[in-house]
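Computed from heavy atoms alone, side chains included, the values below leave out hydrogens, waters and symmetry copies. Below, chains carry the letters A, B, ... as their sequence lines are ordered, and counting in each starts from 1.
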2 protein chains.
Amino acid sequence: MNRPGSRSGTTMNDVAAAAGVSQATVSLVLNDAAGTRFSEETRRRVNAAAHELGYRTNAHAKVLRDGVAGMIGFVGDFVATAPFAGKIIEGAQARAWEAGLLLLTVNTGGDKALEAASLETMLSYKVAGVVYAAMYHRVLDVPDVLAEVPAVVLNSRDRSGRFPSIAPQEELGGYTATKRLLDAGHKRIAMINIGAVDGELPAAVGRYAGYLRALKEAGLHPDPGLHRIGDGHESGGFDNALALMTGPQPPTAIFCANDRTAWGTYQALAQLGLSIPHDVSLVGFDNQETLAPHLRPGLTTLELPFLEMGRRAIELLLAGAERDGSTEYFECPLVERHSVTAPLRFTHSH
Amino acid sequence: MNRPGSRSGTTMNDVAAAAGVSQATVSLVLNDAAGTRFSEETRRRVNAAAHELGYRTNAHAKVLRDGVAGMIGFVGDFVATAPFAGKIIEGAQARAWEAGLLLLTVNTGGDKALEAASLETMLSYKVAGVVYAAMYHRVLDVPDVLAEVPAVVLNSRDRSGRFPSIAPQEELGGYTATKRLLDAGHKRIAMINIGAVDGELPAAVGRYAGYLRALKEAGLHPDPGLHRIGDGHESGGFDNALALMTGPQPPTAIFCANDRTAWGTYQALAQLGLSIPHDVSLVGFDNQETLAPHLRPGLTTLELPFLEMGRRAIELLLAGAERDGSTEYFECPLVERHSVTAPLRFTHSH
DNA sequence: CCGGGTTGGTAATTCGTATAACCCAGCCCC
DNA sequence: GGGGCTGGGTTATACGAATTACCAACCCGG
């Protein structure tokens, strides 16, 4: 107990002793070092001994000498609390593993003290880089300490402009969603947003901007009464859909700025006895996999490409992150299901 | 570039030089080692120098000496793919952090080669222990290599009986769910299961056993036609609920063995024009947070205590895991919402 | 039979930290 | 005035792997 590393396992010295060679030989043989010549016999004996004794390299000794560890830090304000956000970790972890790296993950839950402490710990483990991920797209302040290592901001943008960021292309998403409804023949298209459009929520602002652009491009004059501010939850969809559909000039289609809002809208429409897509067409946003495919009918929505974004974050880190604050935007592809069809009037007017 | 550790940062030697003392003094002062005497002046100088230079301990050097790292491996076949499973990591990570430990997480996605390789890597990093977590409760085979470190199986049971396991108390859950419906006055209670009761799915087997026990305890004779095997998805709930309610003697209440099944049941009942809970009472299982609270009406269900289970796994590891294969079962508390009320007949017969 | 090349390996050092063992100056006390 | 204690530090070493420099033996040609 007094001796450190009491159950430390087999070391190269043990292997060397068993094979009757020096520790240096073991190292060189096991690592297949270039430019060394050893007899086949020696190689065989070393490999056999290593296998026999169940030798496993001590990563810490290696890192101590080489300076950089095979680990990447992943700090998020969520980890997996957000239902869909798991994808972002999954992507990051998969890409990291392809490079032989492991992820050191911490879910701060927004706790700044925990965040600072875990970043310190990660740095003391000489991580090759840090991914600083956010649960929802926003503009955030990155802790200064991250300047010491390669770092990238994921699913948000760095306010200071010091770090490369990765975020979804919200405006294009809003445009695509709206265009889908326009192409189906709709003219009165409402939007239930997930926040104010003058706030700091890029998703709300961007998706709305895309909605407006599509409308204008189609030569339509946006009706302010058709844009409603929800809260991103079911109730926001429910209440606003109810108001919209019982108003004087109800829309024939609704673009819900996220899937939860769309779900609330489904519930409101069901309560009003309106059918989707026959009476009202719907497009959502997020492609939340526990929700969108399982609604009846399946929800046509835009996918947040979290898997790819997670992968890309690691890739940037590995590429050395040119240390500029540029943001890389990812397109949100349309996922077609069954919540959109032509409007009644349109069909009938044929 | 040739020299290793080129940007290794400040070391104790740098601090020692700056403070005009030896490296040993720096170590002893910074670690507040017991049984040493240093003048206040020296302590001050050392601390000042350390702070000034931004000294951060090199965790690898420490581990190399001490033998054990401040990290715990977390291997799962999901990480966060399963919507609710994030809680399990969250709990584990939170508890680990309280002990000053970081989590090294890997999502294997069921890939055995990746699993083996990442376990090797974790062991080479001298993790203090490994949590082997499963997406759904089952009996699984733990890789032999885990015998080399403290390990605990989370949300499943180890077939070999070598490792302590943590799992939810399925039978009691099924009993509690059914009892809730019995207490409300229901007599014809159906169950839509999430798998066969002769299979290897403890959730399906256990919850059913609990259902039967509650029924028998109430002096009721279980009607075999009222127990249906679904698939754990919405469609399993939808199809079976439809069949159940359009049959000769429909139930007045349904226990759905998970929330997704319950959701499908909601959709089927809506289609039949039946109201919840007035026409049919419902109890679910899982308390899936993206689902159960947002259904209309809110779903009364049983909570899978993942947060606590995750915490407990780390706790067992820290306690040294007595290395027996006993399973610790966690109770699933009932979460009351609005999907249960008295049956019509019952109310009227008053 | 000596110089030089090749073959097959080893000794020694380095990374940064923790700690056991030791050392020295000053002071007290008999 | 010498022995012993105490306060205040230092020296040396180990942890495990990678790597550079070096070395010994052998072979071959002239």
Mind calculating the distance between CZ (B:Phe38) and P (C:dA18) to the nearest angstrom?
-> 13 Å
With respect to the phosphate group of C:dG16, does any side-chain polar atom (N or O) of B:Asn13 fall under 4.0 Å of OP1 or OP2?
-> no
Provide, to the nearest angstrom, the distance between the CG atom belonging to A:Asn31 and the P atom belonging to D:dT20.
-> 13 Å
Taking the side chain of A:Asn58 as its heavy atoms from C-beta onward, which of D:dG16, D:dA18, C:dG16 lies nearest to it?
-> D:dG16
Spell out, as yes or no, whether a donor-acceptor pair under 3.5 Å connects the side chain of B:Ser165 to the backbone of B:Val153.
-> no
Winner on side-chain proximity to A:Ala61, out of D:dG16, C:dT17, C:dT10, is D:dG16
Quick note, A:Asp66 side chain, CB onward, closest among D:dA18, C:dG9, D:dT10 is D:dA18
Here the distance between atom P of D:dT10 and atom CE of B:Met12, to the nearest Å, is 14 Å
Apply the side-chain contact (heavy atoms from CB on, under 4.5 Å) test between B:Leu154 and each candidate in B:Ile88, B:Val75, B:Ile89; give the one that qualifies.
-> B:Ile88
Hey, is the main chain of B:Val68 close enough, under 3.5 Å, to the side chain of B:Asp66 for a donor-acceptor pair?
-> no
What is the ring orientation for A:Tyr125 with A:His60, classed by angle as parallel under 30°, tilted 30 to 60°, or perpendicular over 60°?
-> tilted
What nucleic acid atoms does B:Val21 come within less than 4.0 Å of, heavy atoms only: base, sugar-phosphate, or nothing?
-> sugar-phosphate
Whole-Å distance separating the CZ atom of A:Arg37 from the P atom of C:dG5 | 14 Å
For B:Tyr55 and C:dG16, give me the distance from atom OH to atom C1', rounded to whole Å.
-> 7 Å
Sorted by chain and number, sequence neighbours left out, side-chain contact (heavy atoms from CB on, under 4.5 Å) with B:Tyr136 holds for B:Arg138, B:Leu201
Return no unless some side-chain N or O of B:Lys62 is found under 4.0 Å from OP1 or OP2 of C:dA18.
-> yes
Nearest-angstrom distance from the residue atom CG of B:Leu64 to C1' of C:dC15 = 9 Å
Residue whose closest nucleotide on DNA chain C lies nearer the 5' end, A:Gln23 versus A:Thr42 | A:Thr42
What is the nucleic acid contact for A:Ser27, judged by heavy atoms within less than 4.0 Å: base, sugar-phosphate only, or nothing?
-> base
Looking only at side-chain atoms of A:Ser22, point me to the closest of C:dT10, C:dA18, D:dA17.
-> C:dT10
Which part of the nucleic acid, if any, lies within contact of A:Thr36, taking any heavy atom under 4.0 Å across all strands shown: a base, the sugar-phosphate backbone alone, or nothing?
-> nothing
Taking the side chain of B:Arg65 as heavy atoms from C-beta outward, which of D:dA18, D:dG9, D:dC15 is closest to it?
-> D:dC15
Do any side-chain nitrogens or oxygens of A:Ser39 fall under 4.0 Å of OP1 or OP2 in C:dG8?
-> no
Give the C-alpha distance, both sets of side-chain angles, the deciding distance and a yes or no for side-chain hydrogen bond (donor to acceptor under 3.5 Å, both in side chains) between A:Ser118 and A:Thr121.
-> CA-CA 5 Å; A:Ser118 40; A:Thr121 306; over 6 Å; no
Value in whole Å for how far the P atom of C:dA18 lies from CG of B:Leu30 = 8 Å
Does B:Thr11 place a side-chain N or O at less than 4.0 Å from the phosphate oxygens OP1/OP2 of C:dG16?
-> no
Send over the distance from B:Lys126 NZ to D:dA17 C1', rounded to a whole Å.
-> 12 Å
